[in-house]
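Data block below; observations after.
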There are 2 protein chains.
Amino acid sequence: MTEVTLNQISKTFGKQTVLKEISFQLKPNTIYGLLGRNGAGKSTLLNILTNRIPASSGEVQIDGQSNINNDAALGKIYLMSEQNLYPSRMKVFQIFRQTALFYPGFDFELAHQLTAKFGLNENLRFSRLSTGYHSILKDIIALSVDADVVLLDEPTLGLDANHRELFYQELMETYADRPRTFVISTHLIEEIAGLIENVLLIKDGNLVLNDSTENLLARSYAVTGPEKQVQEYTKGLNVIGHDSLGKLRSDYVFGKLDDERILPDTVSVDGIDLKKLFINLTNRESEVH
Amino acid sequence: MTEVTLNQISKTFGKQTVLKEISFQLKPNTIYGLLGRNGAGKSTLLNILTNRIPASSGEVQIDGQSNINNDAALGKIYLMSEQNLYPSRMKVFQIFRQTALFYPGFDFELAHQLTAKFGLNENLRFSRLSTGYHSILKDIIALSVDADVVLLDEPTLGLDANHRELFYQELMETYADRPRTFVISTHLIEEIAGLIENVLLIKDGNLVLNDSTENLLARSYAVTGPEKQVQEYTKGLNVIGHDSLGKLRSDYVFGKLDDERILPDTVSVDGIDLKKLFINLTNRESEVH
């Protein structure tokens with residue numbers, strides 16, 4: 001069991017601030033969703049976590065030790081990322097062997113099973129794989145390494161619907177066999193909503209939410225009905241967005257509803273799903289309270 | 001209006017046959033979905049269409065002329081692909097100018113509007129863009145060039161839900177303003193189902209379907225009910241897949257239902273959506289008739 005702690009991590013590129021004093025702790029054996037709009041800073045954060053790029057300030061601790069120039073600590077973490085780090089002429093089975101040099105507990109048996117299930121030929125060179133199979137190879141490695149913390153940056157990039165489904169299944173199976181911490185960064189939120197136990201939401205370089213999926217959904221509502229009544233009812237609540245259809249309107253509310261309010265017969269209050277919540281929370285206009 | 005014709009296009013890499021005698025014609029001003037599992041050969045086909053890689057045999061004709069060493073013909077086509085073809089230090093606005101050298105009708109006004117809508121800073125260098133913004137930049141270029149035929153290979157790779165929605169809207173708007181042919185290769189089928197007028201389905205290097213979305217959905221059915229009755233009813237029909245839930249079963253049927261069959265009261269027949277149809281048509285086991 002490995003604990004990862006981020007203390008006040010900031011990152012600037014030139015004049016641009018990409019991450020602003022981000023602090024959180026990854027609990028052992030938990031599946032996290034790292035969510036945020038394009039360009040929010042998710043990949044930068046994952047690269048800092050694994051010391052691929054340096055933070056401008058702040059510190060990452062892995063079991064109490066800094067992650068800088070610390071192979072023992074970094075061996076407990078694995079980052080599957082969009083970058084293609086392998087020599088283009090290297091074959092799939094050679095990439096497995098190379099990975100095992102840094103992660104000696106690499107599970108070759110699982111890797112072989114997964115290549116068969118995904119239809120990946122282990123004798124193909126990296127350069128010959130399609131976009132989808134690049135992701136598949138990297139996913140297989142990520143599930144087969146013996147790291148306690150596995151970071152998945154867009155694991156389903158370019159995967160077809162059947163392969164995405166298979167990946168989620170295999171992730172849950174290996175998680176049940178050998179619990180560890182996963183952090184999944186993805187834009188296909190509705191597909192992973194059932195998997196993730198905790199949401200980390202980044203907006204414009206700030207960590208604006210760090211809570212369990214259950215808690216988040218328990219305080220998210222759609223208030224639907226005639227425009228005027230809906231707006232009267234939600235006045236003063238934390239409305240993070242709305243949809244309109246003719247004279248009908250849904251206001252999306254994040255946070256506690258006020259029990260004193262009287263709900264008109266024409267207005268209904270329902271829960272919303274994680275994708276809807278996320279889309280509205282990350283709109284430029286909305287603020288998270 | 002440009003017509004593109006593929007005659008018996010085949011492609012082998014070493015011992016591996018990736019495309020097998022593919023023939024079809026792209027009608028002017030039509031939106032195509034190019035669908036297929038990972039590794040089916042979609043990107044290879046698009047690269048051959050634009051002469052980025054040579055076919056092993058067969059020919060691509062653009063308005064009756066071969067596309068080989070033919071800049072005039074190739075100027076009528078644009079391919080947005082997963083490959084990053086730009087020098088990493090080049091800035092966004094410089095990439096627009098470079099594109100306009102080959103596509104002199106490049107719509108700078110539309111490109112500027114789109115960078116504002118997508119929140120893309122035109123002064124950033126290509127290397128500084130995130131995965132999602134790489135796709136966004138390439139999408140903006142694809143919508144702004146004056147090509148009659150625009151091929152989009154995974155245009156929403158890495159895009160968040162809001163940006164995917166915005167991209168589909170902008171695609172439909174520019175298509176209405178200036179009708180042309182789009183070919184969209186994607187794995188997010190449910191999201192583009194409403195956009196595409198014609199489906200090209202590739203399976204193991206073969207073109208197995210080329211038909212209008214309307215026709216395809218009109219002959220796709222889910223037959224649902226108790227296992228035994230469902231299987232009796234669908235015996236002899238083209239069952240392309242099934243789902244089970246306890247003793248209940250849905251058989252997915254592609255092709256004409258037999259009018260002579262008697263439908264038991266316990267069994268229902270419904271239409272299915274494009275994603276479901278696609279998943280079942282591209283399962284390893286199923287055959288398309």
Side-chain angles (χ1 to χ4, degrees), chain A residues 13-16 18 35-44 81-84 118-121 123-125 127-137 153-154 156-167 185-191 204 241 274-276 278-284, chain B residues 13-16 18 35-44 81-84 118-121 123-125 127-137 153-154 156-167 185-191 204 241 274-276 278-284:
Chain A
F13 289 107
K15 286 177 209 157
Q16 199 188 1
V18 177
L35 308 181
R37 297 288 308 266
N38 289 125
K42 305 181 297 296
S43 299
T44 304
S81 78
E82 191 260 338
Q83 283 172 288
N84 293 329
F118 280 99
L120 170 61
N121 179 346
N123 284 308
L124 282 182
R125 297 187 195 284
S127 60
R128 285 285 306 285
L129 303 180
S130 67
T131 307
Y133 274 106
H134 281 152
S135 294
I136 287 170
L137 169 60
D153 195 2
E154 300 263 18
T156 55
L157 209 65
L159 262 61
D160 65 45
N162 309 51
H163 280 152
R164 295 200 300 275
E165 188 58 41
L166 178 59
F167 170 71
S185 175
T186 182
H187 292 301
L188 302 184
I189 295 166
E190 66 279 33
E191 294 190 347
D204 301 328
L274 199 60
K275 184 186 178 190
K276 199 97 183 160
F278 167 82
I279 287 180
N280 285 289
L281 280 179
T282 56
N283 269 338
R284 296 226 170 78
Chain B
F13 289 107
K15 286 178 208 156
Q16 198 188 0
V18 177
L35 308 181
R37 298 287 309 265
N38 289 127
K42 304 182 297 297
S43 297
T44 304
S81 79
E82 192 261 336
Q83 282 172 288
N84 292 330
F118 280 100
L120 170 62
N121 179 345
N123 284 308
L124 283 182
R125 297 187 195 283
S127 60
R128 286 285 306 286
L129 303 180
S130 67
T131 306
Y133 274 105
H134 281 151
S135 295
I136 287 170
L137 168 60
D153 195 1
E154 301 262 18
T156 55
L157 209 65
L159 262 61
D160 65 46
N162 309 51
H163 281 152
R164 294 200 301 275
E165 187 58 40
L166 178 59
F167 170 71
S185 174
T186 183
H187 292 302
L188 302 183
I189 295 165
E190 66 278 34
E191 294 190 347
D204 302 327
L274 199 60
K275 184 185 177 188
K276 199 96 183 165
F278 167 81
I279 287 181
N280 285 288
L281 280 178
T282 57
N283 269 339
R284 295 227 170 76

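To find a chain, count down the sequence lines: A is the first, B the second, and so on, and within it residues start at 1.
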Quick check on B:L35 against chain A: is it the side chain, the backbone, both or neither that has a heavy atom closer than 4.5 Å? neither
Interchain contact, B:Q83 with chain A, by part (heavy-atom threshold 4.5 Å): neither
Measure across B:L157 and A:G158 and return the closest heavy-atom pair with its distance rounded to 0.1 Å. CD1-N, 3.4 Å
Roughly how far, to the nearest 0.5 Å, is [atom2] of [Y] from [atom1] of [X]?
X: B:K42; Y: A:S130; atom1: NZ; atom2: OG; value: 7.0 Å
X: A:T282; Y: B:N162; atom1: OG1; atom2: CG; value: 5.0 Å
X: B:T156; Y: A:H187; atom1: OG1; atom2: NE2; value: 10.5 Å
X: B:N38; Y: A:H134; atom1: CG; atom2: NE2; value: 11.5 Å

Looking at [options], which makes the most heavy-atom pairs under 4.5 Å with chain A?
options: B:T44, B:L129, B:T131; answer: B:T131
options: B:G39, B:G14, B:S135, B:G41; answer: B:G39
options: B:I189, B:D153, B:L188; answer: B:L188

Measuring only between side-chain heavy atoms, which start at C-beta, is B:L124 closer than 4.5 Å to A:Q16? yes
Do you know which of A:R128, A:E165, A:K275 has the most heavy-atom pairs under 4.5 Å to chain B? A:R128
So, the part of A:L159 with a heavy atom under 4.5 Å from chain B: the answer is both
Keeping A:D160 on the side-chain end and B:G36 on the backbone end, is there a donor-acceptor pair under 3.5 Å? no
